[in-house]
Amino acid sequence: MMDLTVDEHLIRAAVIAPKSAIDAFSAPALRERITNLLDSGVTNLVLDLSSTPFMDSAGMSVLVMALKRSRMAGGNVRMVAPKIEAANRILKLTRFDQVFEFSASAEEALAVWRKA
Amino acid sequence: MMDLTVDEHLIRAAVIAPKSAIDAFSAPALRERITNLLDSGVTNLVLDLSSTPFMDSAGMSVLVMALKRSRMAGGNVRMVAPKIEAANRILKLTRFDQVFEFSASAEEALAVWRKA
Amino acid sequence: MAEVMKLDLPGSLSQVAHLREAVADTLRMLKGVEDAESICYNVQLAAQEIAVNIVEHAYKGGRDPERQRIRATLSVFQRPRRIEIELRDSGAPFNPAAMPDPALDDVHEGGYGVFLARTLLDELACERESSGNCWRLIKNIP
Amino acid sequence: MAEVMKLDLPGSLSQVAHLREAVADTLRMLKGVEDAESICYNVQLAAQEIAVNIVEHAYKGGRDPERQRIRATLSVFQRPRRIEIELRDSGAPFNPAAMPDPALDDVHEGGYGVFLARTLLDELACERESSGNCWRLIKNIP
Ligand SMILES: Nc1ncnc2c1ncn2[C@@H]1O[C@H](COP(=O)(O)OP(=O)(O)O)[C@@H](O)[C@H]1O
Ligand SMILES: Nc1ncnc2c1ncn2[C@@H]1O[C@H](COP(=O)(O)OP(=O)(O)O)[C@@H](O)[C@H]1O
């Protein structure tokens, strides 16, 4: 009766919420975890730093890698800002807040993608 | 070593591309197809009208239903405009072009969601 | 001199596509029309909406399929160049002029049919005849 | 009178968190500091970056773990109120003042460590000593 095609597509997103320090010692494990997600076909990442107590520049390097790779895969990274104000200020000082996109929560980050 | 949670989320999108007329006779089948997709958990719809030769107001009614229901599910509808210029003008005349969001192709519509 | 085509269809949604075909066939008699494709689409859509309304509203709840027919007369005229379509039904009286336009600040799941026909045509009227209604659709073709 | 804490750590990334703990413990000796939490975080981050650089750069390719240590002295002073941290390594000379700031118009995968330490502290210097370097980190606490 009706000639139509219907194709389903999955947009795969992962919410990554570190609850302990992301520093030069722990960053490689986080990097590998994120790399595995992206390798497996996840394109969209929520980096939920709301419960992250500390992050050094090695941790920030992982954020940048995640952003680059997810954008290369056609996706994006949305960040949930650290609740710790000093950590938040480091993201401003380094202008990470100008390049990453922020959502108030992981749920809101996922909602942004659905609602676009 | 690192305390973190990783949760995967799927954003389910469907591209629906009618290749024959959407009129009062065929619209119920299209409506049912779309309803089934939304019932099954699809939140995001691309209504690709680029190859649709004709659409009457019964067809437009299905578009509105799809928009309402997908937004209720937290998703959105993106439309690919009809190649037929007269059909396109009907969407302008009825201001559908003000309420629906348009992408140049189904691929671009999916990309908008990924990139948001 | 008018070129005329007549159709006598069951008042069923599955049949309305034949009316669209007849519109295209009739307009094809006119040569050298600018933007003929869009004009054809618009007249098809207007006729579609009126015919669908006959089926869905005028014939709603009707019990006598024998009487629920749409009789169409399609004519093209040269001076002034135009297409005229008459659609006759056996339903109750209806006055399309009394229908308000839909609110255009949002989209709706219905209420565009009469508006589209009215907007896309140069004339839309529904006259009462002894056994039903006669819809007259006129589109001037520059 | 200074309150002093000393640490002697293996030059390994797994050990640097102890330095952060020592920073927090030392700063806790100062009472009534406004925004103490942020000050602590910033000094911890500065010390972290310098210590990580010692491990990753000064001790890079080193074959003698016995000699690759970080000796830290953390002191708080009352007049003017401040924390001073000395980090001693046995690596090659390095002049942090010669490091340019990273370009801030985009984000990068590295090059923020010295910039952060320099920005978050009131004084950052690296002096050459007989057997290595002595980093001095000073943060005034109003
Ligand atoms: N031929 C008709 N006979 C009786 N009622 C009609 C007819 N055409 C339209 N109507 C009435 O006018 C209303 C508006 O029609 P229309 O603009 O086509 O929108 P819709 O059919 O989507 O409601 C219809 O809902 C119906 O109540
Ligand atoms: N203690 C050190 N010894 C030798 N080289 C150093 C030391 N600290 C920093 N560097 C050099 O300065 C550069 C910049 O350091 P930094 O700003 O911390 O960024 P990163 O370590 O991410 O490269 C390093 O890449 C390294 O070449």
Side-chain angles (χ1 to χ4, degrees), chain A residues 1-23 25-34 36-37 40-49 51-53 59 62 70-71 73-78 101 103 106-107 109-116, chain B residues 1-23 25-34 36-37 40-49 51-53 59 70-71 73-78 101 103 106-116:
Chain A
M1 188 150 82
M2 181 148 203
D3 178 12
L4 88 169
T5 61
V6 176
D7 294 307
E8 277 210 50
H9 296 260
L10 296 177
I11 299 174
R12 289 180 58 194
V15 177
I16 298 143
K19 320 274 187 184
S20 59
I22 318 176
D23 62 12
F25 182 57
S26 65
L30 179 62
R31 179 182 296 267
E32 197 192 341
R33 195 73 186 265
I34 290 176
N36 289 344
L37 286 167
S40 80
V42 168
T43 55
N44 288 48
L45 298 173
V46 182
L47 300 178
D48 180 353
L49 304 180
S51 300
T52 307
V62 177
S70 96
R71 288 195 179 161
N76 199 8
V77 167
R78 298 197 73 87
E101 276 155 301
S103 293
E107 266 320 302
L110 294 165
V112 166
W113 290 320
R114 284 205 189 86
K115 285 181 181 160
Chain B
M1 188 151 82
M2 180 147 205
D3 177 12
L4 88 168
T5 62
V6 177
D7 294 306
E8 278 211 47
H9 296 260
L10 295 177
I11 298 173
R12 290 180 57 193
V15 177
I16 298 144
K19 320 274 186 186
S20 59
I22 318 175
D23 61 12
F25 182 57
S26 64
L30 179 62
R31 177 180 297 268
E32 197 192 340
R33 196 73 186 265
I34 290 175
N36 288 345
L37 287 167
S40 80
V42 168
T43 55
N44 289 50
L45 298 173
V46 181
L47 299 178
D48 181 353
L49 304 180
S51 301
T52 307
S70 97
R71 287 195 177 160
N76 199 9
V77 167
R78 297 197 74 87
E101 275 154 301
S103 293
E107 265 320 301
E108 282 193 27
L110 294 165
V112 166
W113 289 321
R114 284 205 189 85
K115 284 181 180 158

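Every chain is numbered from 1, with letters handed out A, B, ... down the list of sequences.
- In terms of heavy-atom pairs under 4.5 Å with chain B, the best-connected choice from A/Ala111, A/Gly74, A/Gly75, A/Ser26 is A/Gly74.
- When heavy atoms are compared at a cutoff of 4.5 Å, B/Ile34 does not approach chain A at all.
- The candidate from B/Val77, B/Val112, B/Leu10 with the greatest count of non-hydrogen atom pairs under 4.5 Å with chain A is B/Leu10.
- Heavy atoms of A/Ala21 lying under 4.5 Å from chain B belong exclusively to its backbone.
- Of the two parts of A/Val42, only the side chain, counted from C-beta on, holds a non-hydrogen atom closer than 4.5 Å to a non-hydrogen atom of chain B.
- Residue A/Arg71: no heavy atom, backbone or side chain, is found under 4.5 Å from chain B.
- Separating the CE atom in B/Met2 from the OG1 atom in A/Thr52 is a distance of 6.5 Å, to the nearest 0.5 Å.
- Comparing A/Lys19, A/Arg12, A/Glu101 by heavy-atom pairs within less than 4.5 Å of chain B, the highest count is held by A/Lys19.
- The side-chain heavy atoms of B/His9 and A/Asn44, taken from C-beta on, include no pair separated by under 4.5 Å.
- There is no contact between B/Ala109 and chain A, counting heavy-atom distances below 4.5 Å.
- Atom CZ of A/Arg33 sits about 5.5 Å away from atom CG of B/Leu4, to the nearest 0.5 Å.
- For A/Leu37, the part lying under 4.5 angstrom from a heavy atom of chain B is the side chain only.
- A side-chain donor-acceptor contact under 3.5 Å links A/Asn76 to the backbone of B/Ala116.
- With a 4.5 Å cut-off on non-hydrogen atoms, B/Thr43 touches chain A through its side chain but not through its backbone.
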